[in-house]
Peer 1: 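Sending over a structure as structure tokens; questions will come in a sec.
Nothing fancy with the numbering, it's 1 onward along the sequence. Everything quoted here is computed from the prediction, not taken from an experiment.
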Amino acid sequence: MSRAIQQLGRRLRLGVIGGGPESFIGAIHQSAATMHGEFGVVAGVLSSDPGRALTAAKLVGIPRGYSSPRALFESESQRQDGVDAIAVITPNNSHYDYSMQALAAGFHVMIEKPLTITEKEGIELLRTLRQTGKCGCVAYGYTGYPMVRQARAMVASGVIGEIKMLQSNYVQGHLAELTAGELDGSNWHMNPEQAGPSLILGDIGTHSYHLLSFVTGMTPVQLSADVTNIVAGRTVDDYCAIWLRYGNRARGQLWVTQAAAGGVHGLGFTIYGAKGGLVWQQEQPDELLVRPLDAPAYMLKKGGKGLHPAAERASHLAIGHPEGYREAFANLYLDFASHIVDNISGNSPDPLSLWYPTVSDGVEGIAFIYAALRSRDNGGQWETI
């Protein structure tokens, strides 16, 4: 039974803004939110066109469709059975406005990444969240994988010692050629006014950056970046290589692109400390390779023996039964829901439920984007983050 039903006698009620019937990430959010029975999706605005918004809500089975976010906020804030939280799944330039309106209406917020378009917006959003006392999650979905959480727990407990070197690659190939959506202007990701100043940094670069920070508990103090486009005729960034410096003298690297011909997804990390290393690949997410300094390497498996409670909490099927992207995303919603339930009931939260990515993490992601762009614009010079 879900914690929400145990503690509150009902499921939490979720409203969604964006993520219509043809949206990849919209379907992920809705299925992830409901997977463990913590949320029911009861309200939504699934298009910026009022007519299509109402029709789309019916198509996906959302009971209360609204023609606009304002209509949703005004109505749901007055209902006794109104939503508890809002998921903002819209183009990036609207994250700030809709999240601020949701907080003003008294709702918790789940926000797609990148958090906002500007650093100023991100800082103001974080300040407002703290003032309201609401819960806020940013959808860095890869941190929900059980073996990513196992890696974090192993780093924190000192298994591989002080971190010395770390790297994350995120190598996709779906933009190896110019696409119809960027040529005809229909893909908003290719419009900097909607997507932000850098496609590659905002769309997937922040995932790699946050993944390293999540696992190690470390954020770099400086970076040097090469950010550009590789495909001829493209006007937005599709490639970046970034070097990172940490306060303990550790060094890091990010190689991120969506223009690698033949590339599939290619997300992973390699982290080495004074006593060993950890290697994880998202295309084989149930495995974590451990490389001790003075012993043979070994593989940990999701659902296997000897895992940390954080990994066990994020595993829902027996060993040998794969759990993928949708399940990882659902773990964010599971943590988010647990925190909301404790917020409503006045209970102290389970520390493991607080492992979800926060609005503070989102602010760090925006700072990373702008530091990388400053470095790029200054010939790759080292910039403070």
Side-chain angles (χ1 to χ4, degrees), residues 22-28 91-92 112-114 139-143 145 147-148 165-212 215 223-244 251-271 279-289 322 324-326 328-329 365 368-369 371-373 375-377 379-380:
E22 298 181 358
S23 165
F24 161 75
I25 201 63
I28 293 294
N92 303 342
E112 254 304 325
K113 58 83 210 141
Y140 291 121
Y142 303 107
T143 60
Y145 280 104
M147 302 315 290
V148 170
M165 292 173 281
L166 55 166
Q167 180 180 30
S168 177
N169 295 341
Y170 200 163
V171 182
Q172 298 180 334
H174 67 280
L175 295 182
E177 298 178 316
L178 293 177
T179 63
E182 63 185 307
L183 291 173
D184 65 18
S186 63
N187 185 349
W188 66 261
H189 293 86
M190 299 296 179
N191 179 356
E193 291 186 1
Q194 290 182 283
S198 175
L199 170 67
I200 196 64
L201 293 172
D203 199 33
I204 65 173
T206 52
H207 274 303
S208 274
Y209 179 79
H210 179 257
L211 192 59
L212 290 181
V215 173
L223 62 73
S224 171
D226 179 16
V227 185
T228 188
N229 49 57
I230 297 296
V231 176
R234 177 162 289 148
T235 59
V236 297
D237 301 327
D238 59 22
Y239 167 92
C240 69
I242 300 177
W243 291 262
L244 307 170
R251 294 296 189 262
Q253 295 177 323
L254 303 176
W255 172 35
V256 181
T257 183
Q258 294 171 313
V264 180
H265 200 245
L267 173 63
F269 62 74
T270 301
I271 299 170
V279 181
W280 179 80
Q281 298 295 329
Q282 191 262 340
E283 291 177 27
Q284 294 83 39
D286 289 351
E287 300 177 344
L288 178 66
L289 178 62
Y325 177 67
R326 198 183 301 263
F329 221 102
F368 155 74
I369 290 172
L373 292 176
S375 176
R376 185 271 307 274
D377 293 343

Peer 1: Restricting to non-hydrogen atoms, name the atom on Ala259 and the atom on Thr257 that form the minimum distance, rounded to 0.1 Å.
Peer 2: N-OG1, 3.0 Å
Peer 1: Are the side chains of Val148 and Tyr142 in touch, meaning some heavy atoms are under 4.5 Å apart?
Peer 2: no
Peer 1: Mind checking whether Tyr170 and Leu211 have side chains closer than 4.5 Å, heavy atoms only?
Peer 2: no
Peer 1: Verify, without hydrogens or angle tests, whether Asp238 (side chain) and Ile230 (backbone) share a donor-acceptor contact under 3.5 angstrom.
Peer 2: yes
Peer 1: Let me confirm one number: the CD1-SG distance from Ile204 to Cys240, rounded to the nearest 0.5 Å.
Peer 2: 7.5 Å
Peer 1: Measuring from Asp226:CG to Trp243:CH2, what's the distance to the nearest 0.5 Å?
Peer 2: 6.0 Å
Peer 1: I'd like to check the ring pair (Phe, Tyr, Trp, His ring centres under 6.0 Å) partners of Phe269; sequence neighbours left out, ordered by chain and number.
Peer 2: Trp280
Peer 1: Please round to the nearest 0.5 Å and tell me the distance separating atom CG of Leu254 and atom CD1 of Ile200.
Peer 2: 11.0 Å
Peer 1: Using 0.5 Å steps for rounding, measure from the OH atom of Tyr145 to the CZ atom of Phe329.
Peer 2: 10.5 Å
Peer 1: Provide the closest heavy-atom pair for Lys113 versus Thr206 in the form atom of the first, atom of the second, distance.
Peer 2: CD-OG1, 3.8 Å
Peer 1: What do the steps show when you test Ile242 against Tyr209 for side chain to side chain contact (heavy atoms under 4.5 Å, CB included), and what is the final call?
Peer 2: CA-CA 10 Å; Ile242 300 177; Tyr209 179 79; over 6 Å; no
Peer 1: For the residue pair Asn92 and Ala195, what are the closest heavy atoms and their distance?
Peer 2: ND2-O, 2.8 Å
Peer 1: Got a second to check how far Asp203's CG is from Asp237's CG, nearest 0.5 Å?
Peer 2: 11.5 Å
Peer 1: Counting the benzene-type ring for Trp, do Tyr325 and His265 have ring centres under 6.0 Å apart?
Peer 2: no
Peer 1: Can you confirm whether Glu283 is buried at CD, in the sense that more than 12 heavy atoms of other residues, nucleotides or ligands lie under 6.0 Å from that atom?
Peer 2: yes
Peer 1: Is the shortest side-chain heavy-atom distance between Ser168 and Leu267 below 4.5 Å?
Peer 2: yes
Peer 1: Quick check on Glu177: does its CD atom have over 12 non-hydrogen neighbours (other residues, nucleotides or ligands) under 6.0 Å away?
Peer 2: no
Peer 1: Would you say the side-chain atoms of Asn229 pair up with the backbone N or O of Arg234, donor to acceptor, closer than 3.5 Å?
Peer 2: yes
Peer 1: Which pair of heavy atoms, one from Val231 and one from Ala176, lies closest together, and at what distance?
Peer 2: CG2-O, 3.4 Å
Peer 1: Suppose we screen for ring pair (Phe, Tyr, Trp, His ring centres under 6.0 Å). Which residues come up paired with His189, at least two apart in sequence or across chains?
Peer 2: none
Peer 1: Quick one: side-chain contact (heavy atoms from CB on, under 4.5 Å) partners of His174, sequence neighbours excluded?
Peer 2: Gln172, Gln258
Peer 1: Which heavy atom in Leu178 sits nearest to a heavy atom in Gly233, and how many Å separate them?
Peer 2: CD2-C, 4.0 Å
Peer 1: Any sub-3.5 Å donor-acceptor pair from Gln284's side-chain atoms to Gln281's backbone N or O?
Peer 2: no
Peer 1: What's the shortest heavy-atom distance between Ala225 and Ser375, and which atoms?
Peer 2: N-OG, 2.8 Å
Peer 1: So how far is it from Met147 CE to Gln282 CD, rounded to the nearest 0.5 Å?
Peer 2: 14.5 Å
